[in-house]
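Reckoned from all heavy atoms, side chains included, excluding hydrogens, waters and symmetry mates. To find a chain, count down the sequence lines: A is the first, B the second, and so on, and within it residues start at 1.
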Amino acid sequence: MTEVDPKEYEVNFFKEEGFIRKKCKIGGEYFWTLNESLDTCQDAPCVEYWFDKISSIRNLSVSDSRKIFLMFFKKRGHEVLRPRPVVARWREDLYLTIASIVVFQPHVTSGIVPPPANPLVISQPSIRLEDIDNVGLTIGRHLTTFEMAAHHAFNYPNKRIYWKDETVRYAFEFFTKELRIPKDLIVFKESWWEGGGNAGPCFEVAVGGLELATLVFMQYSIEGKEYRPLPLKIVDTGYGIERISWFTKKTPTAFHAIYGNLLERFRNIIGLERPEEEILWAAFRAAGRLDPESPESIVNYYRKVAEIGNYELKYVKDVLSSEAKLYSVLDHTKTIALMLADGIVPSNSGEGYLARLVIRRALRQLSLLGFDGDLADLVDLQIGYWADNFKQLKEQRNYIIEAVILESKKFRELLRKGRKEIRKLVKMKGSLDVEDLVRLYDSKGLPPEIVAEESRKFNVEVDIPHNFYSLVASRHKAPARLKTVGKVVKLPEDIKKWASQFRLTELLFHKDPYLRKFTAKVLGIKDRYLVLDSTAFYPKGGGQDYDKGYIMINGRRILVNEVYKIDGVVVHVLETPIDIPKGLNVIGVIDWYRRFKLMRHHTATHIILGAARRVLGRHIWQAGAEKSEEKGRLDITHHKPLNKDDLRKIEELANMVIDDRREVRTYIINRNEAEDKYGFSLYQGGVPMEPRLRIVEIKNWDVEACFGTHVRNTAEVGSIKIIKSERIQDGVVRLEFVAGPRVAEVLTNAENRLDALAKELGASHGHELKRVQSLKRRLDSMEKIVEEYRRLWIRTLKKNALKVGAFSLVIFEPLEHTSEAIQEVLRQLTKEDNVVAIAVIKENQKTRFEIALGQGILSKINVNRIVEKIKEEIGGKGGGKGGRASILIPRIISNDKARDLFVNILKEI
RNA sequence: GGGCCGGUAGCUCAGCCUGGAAGAGCGCUCGGCUUGCACCCGAGAGGCCCCGGGUUCAAAUCCCGGCCGGUCCA
């Protein structure tokens with residue numbers, strides 16, 4: 001933490017109430033308290049947990065805690081906001097919602113879009129995976145999934161809502177009045193918060209060893225090493241709903257408070273013995289001081305637990321590490337359910353990988369607990385347990401279960417193959433080192449614990465280094481980059497710069513997508529690049545290709561070849577450079593035939609997406625799309641390849657929507673209103689940074705924020721034919737389709753290809769298949785005949801062999817020049833022991849000798865001696881090994897000469 | 001997105017480092033043994049060694065590019 005001005009933490013409320021500022025004797029941080037004798041900050045790891053001793057008459061479940069929190073702030077003028085998905089669809093730089101503030105970044109925090117309400121209160125389910133290894137061990141301090149309850153106030157320069165003083169008052173009032181915590185036990189610890197390029201002072205509110213809330217005052221942007229005051233000052237608070245529940249329930253672990261009876265159900269299903277309450281309370285006492293990052297601290301923790309309860313150390317370790325696994329399974333299964341419910345498809349990259357990661361960690365913990373049942377059953381219990389809190393779980397249950405089953409199957413398969421690999425490695429090497437462990441995990445996905453377990457079966461002990469996962473990470477030098485929108489505009493840099501000076505182009509195609517001809521004023525022309533004050537030419541973007549057409553200047557037509565948009569300015573790329581004075585009016589005409597096809601393909605994309613979501617499930621999201629004149633392409637997220645039946649259903653449904661003649665409306669509305677009304681499935685093709693969104697709505701079918709041009713009614717699409725579907729990545733399926741007149745064109749093309757094939761085969765229509773089958777049969781029999789002849793020929797060759805000393809020399813010019821055939825003949829000839837077989841192959845003014853020796857004479861002759869002799873006699877390059885060699889002579893050698901050559905060589909040997 | 005691993009018979013894989021006759025086990029077909037089945041014994045069929053290029057007299061093997069699959073990512 002950098003040096004912070006203590007004034008940042010001076011709050012009127014503290015003065016009024018008589019709070020005093022003290023310094024923690026352990027951690028050294030300053031904190032505010034009403035209790036003069038307090039000398040520690042009351043936060044882990046400076047003190048142990050002791051909040052169980054604080055008398056409080058409340059006993060709040062997670063759901064009660066949330067309700068109380070929201071109500072408290074609602075009564076104090078805050079509007080209650082519905083929670084957002086745990087998948088941050090509106091963020092380009094983040095996969096998961098890691099905090100409530102993420103909901104408002106970057107559009108609200110940067111000042112572009114006003115907040116949906118001000119002040120507001122929200123309880124946002126959040127997922128953080130960076131501490132996934134510590135879940136369970138710390139008995140509840142770390143969770144991958146938690147609800148961050150927050151009251152936010154956005155203070156604009158001309159509109160103040162509330163700031164530090166009010167925030168602290170609210171927190172204090174909430175804790176003392178709602179949770180009925182004695183005033184003098186609440187500690188406000190001074191701290192500093194930084195994240196997402198912003199920073200500010202904060203108070204961490206801790207009671208009895210447990211941090212219950214953080215009150216952040218976002219007021220700086222970090223630029224390089226400097227902090228610059230932000231115009232927008234944001235109250236960003238975070239109250240841990242699960243911690244509040246734990247605090248009031250006073251259970252030995254947070255998991256007992258969060259999951260209630262589900263914990264014992266999981267325990268029974270997994271078959272883990274229930275430990276005595278005392279050891280858990282001993283753990284509770286010691287866990288506050290536990291630093292999970294330090295192996296010594298973990299050892300000390302176990303020692304302390306043993307000491308408190310007078311247990312044997314090994315017993316403590318066994319019980320608590322099993323408990324930790326049970327707790328992380330509880331935590332992970334909830335996370336899995338929430339992630340999948342919001343439509344993540346497990347895969348090997350992006351957010352899909354994060355889902356796979358959590359699923360695999362859960363499977364691993366279960367396997368280490370010796371559980372051989374189905375993870376999906378446990379996830380299903382979570383769905384039931386949380387169904388009233390998160391209705392998306394119930395709605396998406398089928399998909400969630402199916403995805404978990406599929407992932408479990410993949411992991412089992414991976415382990416099965418992996419175990420074989422481990423066995424092989426252990427047998428070969430006799431031991432495994434760290435390098436092996438890292439390699440097995442990194443490239444095969446085999447967790448070190450599983451490797452150790454497997455190799456133990458062969459009495460090979462493996463040491464798993466404490467820093468194993470950072471070793472793996474160090475092999476990945478390049479940091480994992482997050483999703484980015486690829487806005488590739490093919491224009492020279494100087495043109496981009498030049499274009500951005502103009503005012504925004506009026507987009508006529510948005511007002512009227514059917515406009516074909518327009519008049520506009522020239523704002524600038526440079527070389528072949530033209531900027532107008534308004535245009536009907538659609539620039540490449542939103543997956544839709546640009547329009548083509550021409551510009552009329554003084555009765556001359558100049559083709560428009562490409563169109564791009566730079567920061568709201570449309571740049572027309574002309575066929576040739578021209579010189580036109582600024583301010584001149586020109587007529588633009590777009591290639592309507594092309595445009596109309598693009599429009600139809602674009603609307604078709606929306607129709608198909610809607611159909612796919614209905615046929616396959618709500619986890620279907622657009623992962624990319626492109627519409628050209630020829631075809632449309634839509635990539636969707638899905639966990640398995642589509643079968644014929646899926647495709648047929650999607651196509652049928654899509655065509656049904658066309659036949660339905662549904663209205664396609666485009667309109668601009670307020671962003672907050674749009675999100676509220678239609679949800680985040682609006683953002684299929686990226687997230688525009690605009691306060692107002694252009695919405696394309698196909699009535700009762702599909703609503704998306706979209707920049708493209710669309711037909712007015714689905715009937716205009718004509719018809720849709722899906723021409724191809726392929727899995728392009730793990731978790732992504734690509735659909736290719738045509739619409740309108742392209743359907744007939746594609747079919748005509750297919751017909752033409754079939755015609756050409758029929759003609760080539762000499763078959764009449766409809767008999768192509770039979771013809772190919774009979775040709776195949778004929779080819780087979782021909783091959784057999786060739787084989788017969790080859791055998792016959794070999795027999796003749798053998799008969800005509802020359803006797804040279806002990807050897808039998810067969811020298812021949814092969815009839816077939818394929819190397820397989822030559823090798824086959826040589827193989828047959830050298831089945832007899834004393835044979836020296838030579839194939840003489842002449843081509844391209846070169847002669848190649850393929851030499852093969854019979855088994856029985858291998859000990860007498862070295863093929864390379866023959867090769868050397870040939871080199872001496874007539875030159876050439878070559879060599880060989882065993883009974884085979886080949887040599888190439890760069891000229892034609894007659895058969896007679898070759899025979900004499902080999903006869904002489906064999907005589908000499 | 002990036003790193004790493006892999007692609008050889010229907011399946012599971014060996015061979016690749018160190019270039020020179022394409023292999024094993026299972027499965028399949030036929031035959032033997034057997035009342036029949038299983039086991040066992042014998043014989044056989046089955047390969048664009050992922051694709052393209054390069055190096056070389058010679059590439060499954062070495063090099064480059066691509067495609068496909070797997071896996072991991074502080």
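By the 4.0 Å N-to-carboxylate-O rule, A:Glu453 lies close enough to A:Arg419 to be salt-bridged with it. One finds a salt bridge joining A:Asp896 and A:Arg899 here, because a Lys/Arg side-chain nitrogen approaches an Asp/Glu carboxylate oxygen to under 4.0 Å.
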Requested in this report: Starting at the 5' end of nucleotides 46-51 of chain B, put B wherever the base has a protein heavy atom under 4.0 Å, S where only the sugar-phosphate does, and a dash everywhere else.
Outcome: ------
Report task. Mark up nucleotides 7-19 of chain B, 5' to 3', with B wherever a protein heavy atom is under 4.0 angstrom from a base atom, S wherever such an atom reaches only the sugar-phosphate, and - elsewhere. Result -> -----SSS-----
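Taking only side-chain nitrogens and oxygens, A:Arg356 never comes nearer than 4.0 Å to OP1 or OP2 of B:rC72. Within the structure, a side-chain polar atom (N or O) of A:Arg727 is placed less than 4.0 Å from OP1 or OP2 of B:rG70.
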Query raised in the report: After noting the C-alpha distance and the side-chain angles of A:Trp90 and A:Tyr683, does the key distance pass the ring-ring contact (aromatic ring centres under 6.0 Å, His included) rule?
Result: CA-CA 7 Å; A:Trp90 59 92; A:Tyr683 303 129; 8.2 Å; no
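The side chain of A:Arg848 approaches B:rC57 more closely than any other nucleotide in the set B:rC72, B:rU71, B:rC57.
For A:Arg865, the salt bridge (Lys or Arg N to Asp or Glu O under 4.0 Å) criterion is met by no residue, not counting sequence neighbours. The salt bridge (Lys or Arg N to Asp or Glu O under 4.0 Å) check on A:Lys417 picks up nothing, with sequence neighbours excluded. With sequence neighbours excluded, the residues forming a side-chain contact (heavy atoms from CB on, under 4.5 Å) with A:Arg439 are A:Leu425, A:Asp436, A:Ser443, listed by chain and number.
At the heavy-atom level, A:Arg884 lies under 4.0 Å from base atoms of the strands shown.
The base of B:rC57 sits with one of its N or O atoms less than 3.5 Å from a complementary donor or acceptor on the side chain of A:Ser886. Between the side chain of A:Asp442 and the base of B:rG3 there is at least one donor-acceptor pair of N/O atoms closer than 3.5 Å.
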For a quick test of your reading: what N or O donor-acceptor pairs under 3.5 Å do the side chains of residues 870-889 of chain A make, sequence neighbours left out?
unit_1: A:Lys871; atom_1: NZ; unit_2: A:Gly878; atom_2: O; d: 3.1
unit_1: A:Arg884; atom_1: NH1; unit_2: A:Gln823; atom_2: OE1; d: 2.2

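Using bins of under 30°, 30° to 60° and over 60° for the plane-to-plane angle, the ring pair A:Phe468/A:Tyr441 lands in the perpendicular bin.
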